[in-house]
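Along the sequence shown, residues carry numbers from 1. Just so you know, these numbers use all the heavy atoms, side chains as well, and skip hydrogens, waters and symmetry mates.
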Amino acid sequence: MPKRTRQSCLNFCLFAFFVITSTLFSCVSSKKVVYVNNTKNDTLYPGPIVMKDVTPFIDPRIESNDVLAITIQTMTQTEGTNTPITSNSAGSFNEMNGFLVDKDGYIELPLVGFAKVGGLTTAEARELLKQKAKEFYRNPVVNVRIANFDITVQGDVGKPGKVNIPSEKATIFDVFALSGDINLSGKKKNILLIRSEGDKRTFVRLDVTSSEIYRSPYLYVKQRDFLYVEPNRSKIAASDSRLIRSLGIISSLVSLASLFLVFRIIK
């Protein structure tokens, strides 16, 4: 065999081997795994980047099946002593004795009775209950919080499951931080959000690799939102043991064939 032909065959074998191995162990582009990657490089632009017209926060509304943590207290002083007397109608809160909002938006409190809080913000509900409590308490101090402000996160994240948000003002980034963050193999450009509003379900696709997420009306989460992070193709392929074995066998056969051909050419 001519020397030039021999060298061409050798180059082809090496090229085929390189293509197969690079396909099996290809790297993921950093633009697909880095949050908000379309901002300017800090080393070239050390000044702050100001983004206008971002999504404003809107207080969530109380809905049916919400569990409210409610405390009503009075702070007064008895004659001749500075020791305050505390009256707590709701008792110390835990999830087992919270106040459930019924299907019509009502809750029932000791002494205060029924109050319709469905459709109100927690601030509005606090003022409503404060006015009702004045009939029974002197200068009442009322606190209201949505106790089961839960977001369900599934898919390619560190800790899938329900995430309880300690604050009503939380973004999608806060949720992922509490769920162990999105894995490198998760598709940050195609996150599915399912939002329940009464009998309606809204399906939205979000891209957290772009700064435009801060203009999205779905930046801030609501109670009972569902987030799903889809794994990339490499992760899906890696989960299929049969496919892994097949790829391993094919790669081994191609490698052996390439080496055998190389040895024959050298001879």
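Pairs passing the ring-ring contact (aromatic ring centres under 6.0 Å, His included) check and including a residue from residues 180-201, sequence neighbours excluded, do not occur. The ring-ring contact (aromatic ring centres under 6.0 Å, His included) pairs that include a residue from residues 141-189 are Tyr35-Phe173, Phe173-Tyr214, where partners are two or more places apart or lie in different chains.
Scanning all heavy atoms of the two residues, the minimum distance from Lys187 to Asn232 falls at CE-CA, 3.8 Å. Nearest heavy-atom pair, Gly186 versus Val229, reported as atom, atom and distance to 0.1 Å: CA-CG1, 3.9 Å. The minimum heavy-atom distance linking Ala125 with Val117 is given by the pair CB-CG1, 4.0 Å. The shortest non-hydrogen separation linking Val67 to Gly98 is CG1-CA, 3.8 Å. Residues Ile107 and Leu100 share a closest heavy-atom pair of CG2-O, 3.7 Å. Taking all atoms of both residues into account, the shortest heavy-atom contact from Met51 to Ser211 is CE-O, 3.0 Å.
With sequence neighbours excluded, the residues forming a salt bridge (charged side-chain N to carboxylate O under 4.0 Å, His left out) with Asp207 are Lys189, listed by chain and number. Every residue meeting the salt bridge (charged side-chain N to carboxylate O under 4.0 Å, His left out) condition with Lys222, not counting sequence neighbours, appears here in chain and number order: Glu63, Glu197. Legend: residues meeting side chain to side chain donor-acceptor pair (under 3.5 Å) with Asp66, ordered by chain and number and at least two apart, are Gln223, Arg224. The salt bridge (charged side-chain N to carboxylate O under 4.0 Å, His left out) test applied to Lys103 returns no partner, not counting sequence neighbours. Remark: Glu124 pairs with Arg61, Leu120, Thr121 by the side-chain contact (heavy atoms from CB on, under 4.5 Å) rule, at least two apart or across chains. By the side chain to side chain donor-acceptor pair (under 3.5 Å) test, Gln131 is found to be paired with no residue, residues two or more places apart in sequence or in another chain being considered. Taking Glu108 as the reference, nothing meets the salt bridge (charged side-chain N to carboxylate O under 4.0 Å, His left out) condition, with sequence neighbours excluded. In this structure, the side chain to side chain donor-acceptor pair (under 3.5 Å) partners of Asp150, at least two apart in sequence or on a different chain, are Asn164. The side chain to side chain donor-acceptor pair (under 3.5 Å) test applied to Asp174 returns Thr171, not counting sequence neighbours.
The CD1 atom of Ile70 sits 11.5 Å away from atom CZ of Arg126, with the distance rounded to the nearest 0.5 Å. Note: Ser179 OG to Lys162 NZ = 15.0 Å, rounded to the nearest 0.5 Å. Lys159 NZ to Leu178 CG: the interatomic distance, rounded to the nearest 0.5 Å, is 7.5 Å. Residue Ser216 holds its OG atom at 14.0 Å from CZ of Arg205, rounded to the nearest 0.5 Å. Lys132 NZ to Leu111 CG: the interatomic distance, rounded to the nearest 0.5 Å, is 13.0 Å. Within the model, atoms CZ of Phe136 and CD1 of Ile72 stand 10.0 Å from one another, a figure rounded to the nearest 0.5 Å.
Val163 pairs with exactly one of Val153, Asp225, Val221, Thr152 by the side-chain contact (heavy atoms from CB on, under 4.5 Å) rule, that one being Val153.
Heavy atoms from other residues, nucleotides or ligands lying under 6.0 Å from CD1 of Ile58 number 12 at most. The number of heavy-atom neighbours closer than 6.0 Å to CZ of Phe57, taken from other residues, nucleotides and ligands shown, is above 12. Surrounding OH of Tyr106 are at most 12 heavy atoms belonging to other residues, nucleotides or ligands under 6.0 Å away.
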Margin query: Under the criterion side-chain contact (heavy atoms from CB on, under 4.5 Å), I'd like the reasoning laid out for Leu227 against Ile151: C-alpha separation, chi angles, the key distance, then a yes or no.
Written below: CA-CA 8 Å; Leu227 291 169; Ile151 310 298; 4.2 Å; yes
Next item on the list: Assess whether side-chain contact (heavy atoms from CB on, under 4.5 Å) is satisfied between Asp53 and Arg215, documenting all intermediate values.
Entry: CA-CA 7 Å; Asp53 302 324; Arg215 292 194 175 101; 4.1 Å; yes
Item checked: Full working for side-chain contact (heavy atoms from CB on, under 4.5 Å) between Asn139 and Thr74 -> CA-CA 6 Å; Asn139 299 322; Thr74 59; over 6 Å; no
Note to self: Set out, in order, the CA-CA distance, both residues' side-chain angles and the distance that settles side chain to side chain donor-acceptor pair (under 3.5 Å) for Ser196 and Arg201, then state yes or no.
What the structure shows: CA-CA 5 Å; Ser196 301; Arg201 299 293 182 272; 3.3 Å; yes
Next item on the list: Walk me through it: do Val157 and Asp181 pass the test side-chain contact (heavy atoms from CB on, under 4.5 Å)?
Entry: CA-CA 6 Å; Val157 294; Asp181 203 0; over 6 Å; no
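The closest donor-acceptor contact from the side chain of Asn148 to the backbone of Asn65 lies under 3.5 Å. Judged purely by atom type and a 3.5 angstrom limit, Asp102 uses its side chain to pair as donor or acceptor with the backbone of Gly105.
Hydrophobic cluster membership for Phe203: Leu192, Ile194, Phe226, Tyr228 (Ile, Leu, Val, Met, Phe, Trp, Tyr linked by side-chain heavy atoms under 4.5 Å, directly or transitively).
Using a 4.5 Å heavy-atom threshold, the side chains of Val34 and Thr209 count as separate.
Under a hydrophobic clustering in which Ile, Leu, Val, Met, Phe, Trp and Tyr are joined whenever their side-chain heavy atoms come within less than 4.5 Å, directly or via other members, Val208 and Val54 fall into the same cluster.
Inspection of the Asp156 and Ser185 side chains reveals an N or O donor paired with an N or O acceptor under 3.5 Å.
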